Amino acid sequence: MKKFVNDPKSFVPEMLEGIALANPETLKYVPAYNLIMRADMPNENKVSIVQGSGSGHEPAHVMVVGKGMLDAACPGDVFAAPPMDYVYETAKLLNSPKGVLLLVNNYTGDRMAFDMGKEMAEADGVRCEILTVNDDVAVQDSLYTVGRRGVAGNFFVIKAVGAASEQGADLDELLRIGRKVNDVTRTMGVALTACTPPAKGSPLFELGADEIEFGVGIHGEPGRERRRLVAADQIADDLLDAVVSDLPYNSGDRVALMINGLGGTPISELYILYRRAHQRLAAQGITVGRSYVNEYCTSLDMAGASLTLVRLDDEIETLLHAPAESAIRVF
Amino acid sequence: MKKFVNDPKSFVPEMLEGIALANPETLKYVPAYNLIMRADMPNENKVSIVQGSGSGHEPAHVMVVGKGMLDAACPGDVFAAPPMDYVYETAKLLNSPKGVLLLVNNYTGDRMAFDMGKEMAEADGVRCEILTVNDDVAVQDSLYTVGRRGVAGNFFVIKAVGAASEQGADLDELLRIGRKVNDVTRTMGVALTACTPPAKGSPLFELGADEIEFGVGIHGEPGRERRRLVAADQIADDLLDAVVSDLPYNSGDRVALMINGLGGTPISELYILYRRAHQRLAAQGITVGRSYVNEYCTSLDMAGASLTLVRLDDEIETLLHAPAESAIRVF
Amino acid sequence: MSIEKTELVVRTIADTAIGNEKYFGDLDSVVGDGDFGYSLARGFEKLLEGWDDLDRTDSGTFLKRTGMVIASRIGGTSGPIWGTAFMRAGGAAGGASELSTEQVVAMLRAAVDGIKARGQSDVGDKTLLDALVPFTDSLEATSDIHAAAAAARKAADATSDMVAKRGRAAYTGERSRGSVDAGAMAVAVLAERISEIWPTQGASS
Amino acid sequence: MSIEKTELVVRTIADTAIGNEKYFGDLDSVVGDGDFGYSLARGFEKLLEGWDDLDRTDSGTFLKRTGMVIASRIGGTSGPIWGTAFMRAGGAAGGASELSTEQVVAMLRAAVDGIKARGQSDVGDKTLLDALVPFTDSLEATSDIHAAAAAARKAADATSDMVAKRGRAAYTGERSRGSVDAGAMAVAVLAERISEIWPTQGASS
Ligand SMILES: Nc1ncnc2c1ncn2[C@@H]1O[C@H](COP(=O)(O)OP(=O)(O)O)[C@@H](O)[C@H]1O
Ligand SMILES: Nc1ncnc2c1ncn2[C@@H]1O[C@H](COP(=O)(O)OP(=O)(O)O)[C@@H](O)[C@H]1O
Ligand SMILES: [Mg+2]
Ligand SMILES: [Mg+2]
Ligand SMILES: [Mg+2]
Ligand SMILES: [Mg+2]
């Protein structure tokens with residue numbers, strides 16, 4: 001394993017400490033619950049917005065804590081939902097008269113931890129609501145799973161509810177907005193290489209030199225199928241077709257287009273995918289109103305990318321345009 | 001080679017086209033010279049700031065074209081300085097009565113291309129000055145090379161002159177500021193893996209499973225020495241020691257601290273390095289006034305990182321704080 | 001089963017989970033995300049950290065406290081699932097100071113029901129239930145921990161032919177066939193370890 | 001050497017550079033950044049794209065135009081270095097329609113001086129000069145292109161023992177010893193190819 005890591009067991013806390021040291025004025029770190037929170041929260045005039053999920057997806061979610069985004073994140077270990085205790089304590093610490101919105105990516109472990117944590121916090125008088133994100137089209141709806149997974153599209157849900165809550169929206173309004181954004185957001189990912197969890201020390205799966213995992217999950221879960229490595233344009237087309245046909249997005253739609261890097265892929269390659277997706281959408285009569293090309297939701301050091309579309313209307317577009325701040329910044 | 005790439009020969013132009021498509025309102029793309037420029041430049045009341053350099057270091061420099069940063073970038077192919085023609089044509093297109101500032105990372109090829117391009121542009125009446133960036137402490141000063149290489153520290157030079165030029169500074173003033181920032185900026189990098197240039201299709205060098213290249217160049221040039229892979233804290237210490245002792249930075253200094261990812265390393269690991277560097281600087285009486293943890297100057301998909309320090313004074317800190325915009329953005 | 005014996009069983013589970021971190025993690029990485037061994041090991045380490053302070057009033061209380069530590073400290077799917085199992089087993093034990101085999105079977109049934117409710121899962125979904133239920137059935141039928149452990153092992157091996165319908169592996173559908181379920185195999189390994197320590201500590205409850 | 005012959009030599013250089021893209025690139029990746037083959041190949045491709053439109057008034061003009069295309073279109077160190085070499089050689093040729101071996105040697109000397117000036121480099125720095133200068137010396141001494149090509153090859157091989165003092169390889173200091181210089185080896189390969197086509201086109205100028 002070639003990584004910048006000390007003891008794998010301290011990987012997450014050390015990362016969190018680093019984030020806190022780099023943002024002393026804006027963020028607070030509570031080691032007992034892996035908690036990164038805005039230093040100026042809770043605020044009694046604002047709903048608190050919290051997300052948990054496993055670690056290893058950075059910048060999601062600990063690095064998008066900030067004004068106009070999350071008010072707190074309490075991640076679990078790498079790829080493991082946080083223990084319910086973290087959720088419970090975080091909800092209590094972020095308690096606001098306007099309530100606490102708990103964003104949950106749709107995985108069994110995350111849902112259980114947040115359901116249990118919410119029950120406990122409610123017993124202590126904290127008003128909580130859960131909003132589930134499930135944008136991954138790789139998982140065909142099925143009786144068997146908890147349904148589609150929550151992946152990079154959660155950025156848009158966070159951005160929209162974060163912006164609305166800054167403008168004073170109440171908990172019900174945030175639930176409405178969050179569900180609305182989630183409902184028009186779809187993502188599909190592809191892996192070129194496997195990721196290496198620090199505690200495991202070796203790649204999570206094996207991919208041949210000319211193989212890709214189409215529809216991979218952000219925890220390295222196998223996807224729809226193994227395919228042969230093809231040219232970037234073909235991969236962009238395949239991702240786009242899977243996403244466009246799912247909602248579906250139609251000619252005349254205006255969308256946000258995100259190309260998200262999975263951790264090991266340089267931004268130059270993301271723009272190669274972006275170019276093709278943008279051109280192909282245009283050819284289908286779908287207009288890109290806003291573009292996102294960066295890492296948003298990674299899978300450790302996995303080389304790969306995901307493509308997300310959000311169907312825009314005036315309300316969503318205005319919320320996505322609203323100012324926001326976070327620890328992942330350039331300047 | 002597992003990359004999102006079509007024809008390696010079109011890697012750079014396709015990436016540039018992607019950048020232009022993603023930023024239609026703010027950027028202009030001139031394919032003939034690999035040129036990405038601000039749509040609102042040139043401006044007769046502002047010095048134009050241009051950087052060239054090879055590609056493969058994204059977001060440097062094509063993705064930091066924007067208000068308060070570069071006005072244009074004309075990269076060469078992957079790891080190859082731009083042909084002098086690109087420099088010449090770019091200088092002409094960006095011609096302003098206040099002059100054109102050409103930022104050059106200190107490599108033989110870049111210097112020759114810019115020297116020749118500048119001469120040709122001057123013959124056409126364009127007023128140009130060259131500012132050379134050379135922050136890499138891995139290269140011990142020597143009679144033989146052109147001296148220290150320009151690496152991730154060029155971000156700070158760009159940021160400072162970009163901010164000053166927005167405030168109306170003239171060419172001489174920008175030269176003064178740029179040289180001043182360059183003089184107090186030092187960087188040291190380390191590679192965990194080799195990068196794979198698209199046209200080569202295989203890793204540029206071989207590193208054993210437990211080897212690191214200490215002092216690697218951003219073009220994959222070998223560094224000071226091969227070392228054994230050690231814990232993240234030890235690597236952070238080694239990078240920091242090389243940088244601190246070079247200027248040197250002293251107790252009482254206030255600095256900007258950058259941990260720059262080289263392309264294949266996830267941001268979680270960068271924060272592990274950041275944590276240690278910040279703590280160790282504090283223990284030496286050196287205060288981190290501003291922090292930067294992200295990818296700024298990469299080497300394609302190389303796993304690795306570099307550490308940069310800038311000694312701050314009021315003037316530099318104010319310029320680094322000034323607002324700026326660019327294609328690499330989160331929101 | 002006395003409180004000392006309950007303690008020993010829990011301790012054995014904890015030690016075995018910690019000792020098998022890598023093995024369990026590798027099993028989870030075939031069609032899962034590879035963290036099952038890590039989650040379990042870290043959680044049981046936390047349990048051992050506060051081991052001496054656990055309330056030992058009776059077996060039921062001890063198991064409930066164990067379950068609460070696990071549920072609140074282990075992340076991933078396993079925290080809620082395993083925590084619920086221990087809490088429910090403790091609840092079924094009530095305040096009894098000695099537990100008969102019948103009572104132990106009832107506790108295991110309560111744990112199974114808890115897992116089903118928490119995980120919205122059932123036998124046949126390719127989860128730890130597919131080893132835990134056969135283990136319980138065999139213990140009820142034979143009153144023999146060794147036979148029960150063998151049944152768990154056989155059932156865990158058999159999960160290899162199943163398609164996952166719950167948990168992360170379920171996303172892969174047909175591709176989950178061909179490898180055993182990590183949770184089921186963990187149950188088998190734990191059952192075997194418990195059966196090994198059992199006779200040396202006296203065969204009856 | 002007639003304008004046709006000059007054309008043929010340049011064409012041979014272009015074809016050989018394009019054909020050896022991978023080999024030259026691999027040489028540059030040992031202690032450089034691996035792009036030498038790519039830069040040269042793309043540059044000479046550009047030259048061939050505008051091949052028919054190059055001014056063929058005389059050998060000197062043709063070489064100058066060639067140099068200008070290379071200098072303005074090849075990136076990296078090689079564009080300015082190779083462009084300068086062709087431009088200087090063209091300048092030394094003047095307006096002559098037939099070039100003697102003496103004149104060819106003078107053109108090569110001009111190219112060498114141009115490279116030295118542009119690269120602030122000299123023989124012994126482990127660059128292409130370490131093959132180009134022995135080639136020129138041998139051509140002057142023997143008037144035999146085959147002998148000159150052999151001298152270039154020998155000199156290129158010998159760069160393996162040298163420590164780089166210019167170019168990207170120089171950053172590595174002592175570590176640059178043990179591998180040949182990519183630019184020097186390219187000169188040797190080009191010289192050999194030129195010597196191969198030479199006799200079939202008539203041995204004299
Ligand atoms: N819904 C469920 N009900 C019961 N057991 C489950 C369920 N989902 C998963 N499991 C069990 O949990 C194991 C995986 O645990 P863990 O790795 O902690 O979960 P994850 O990483 O998917 O959150 C599986 O091997 C299976 O035995
Ligand atoms: N200063 C110099 N003077 C002459 N030749 C040089 C100089 N620097 C490098 N070279 C030659 O150029 C070759 C490398 O060319 P290239 O790969 O295009 O350069 P780079 O990638 O370093 O910009 C070297 O092998 C050497 O022969
Ligand atoms: Mg997990
Ligand atoms: Mg180069
Ligand atoms: Mg798992
Ligand atoms: Mg090179």
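Values in this document were obtained by computation on a predicted structure and should not be read as measured data.
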Counting only heavy atoms not in Met68(D), do more than 12 fall under 6.0 Å of its CE?
no

Is Glu21(D) paired with Lys9(B) through a side-chain N to carboxylate O contact shorter than 4.0 Å?
no

Is there a donor-acceptor pair closer than 3.5 Å between any side-chain N or O of Arg149(B) and the backbone N or O of Arg168(D)?
no

Going from CZ on Arg118(D) to OG1 on Thr108(B), what distance comes out if it is rounded to the nearest 0.5 angstrom?
12.5 Å

Taking every heavy atom of Ala80(B) against every heavy atom of Ser39(D), the minimum-distance pair comes out as CB-OG, 3.9 Å

So for Val163(D), is it side chain, backbone, both, or neither that comes closer than 4.5 Å to the heavy atoms of chain B?
neither

Against chain D, label Pro222(B) side chain, backbone, both or neither, depending on which of its atoms sit under 4.5 Å from a heavy atom there.
both

Nearest heavy-atom contact between Tyr38(D) and Pro8(B) is OH-O, 3.8 Å

Would you say Arg65(D) has more than 12 foreign heavy atoms packed within less than 6.0 Å of its CZ?
no

Charged N to carboxylate O under 4.0 angstrom, Asp26(D) versus Lys200(B)?
yes

If you count heavy-atom pairs under 4.5 Å with chain B, which of Ala71(D), Gly75(D), Gly83(D) comes out on top?
Gly75(D)

Arg175(D) and Glu221(B): CA distance, side-chain angles, deciding distance, side-chain contact (heavy atoms from CB on, under 4.5 Å) verdict:
CA-CA 11 Å; Arg175(D) 290 176 67 183; Glu221(B) 308 100 314; over 6 Å; no

Find the one option among Glu206(B), Glu213(B), Arg224(B) whose heavy-atom pairs under 4.5 Å with chain D are most numerous.
Glu213(B)

Could you give the distance from OG (Ser299(B)) to CG (Asp33(D)), rounded to the nearest 0.5 Å?
9.5 Å

Which portion of Glu174(D) sits near chain B, non-hydrogen atoms under 4.5 angstrom
neither

Counting C-beta onward and ignoring hydrogens, is there a side-chain heavy-atom pair between Arg111(B) and Gln120(D) closer than 4.5 Å?
no

Measure across Gly34(D) and Leu204(B) and return the closest heavy-atom pair with its distance rounded to 0.1 Å.
CA-CD1, 3.8 Å

Part of Met116(B) lying under 4.5 Å from any heavy atom of chain D
side chain

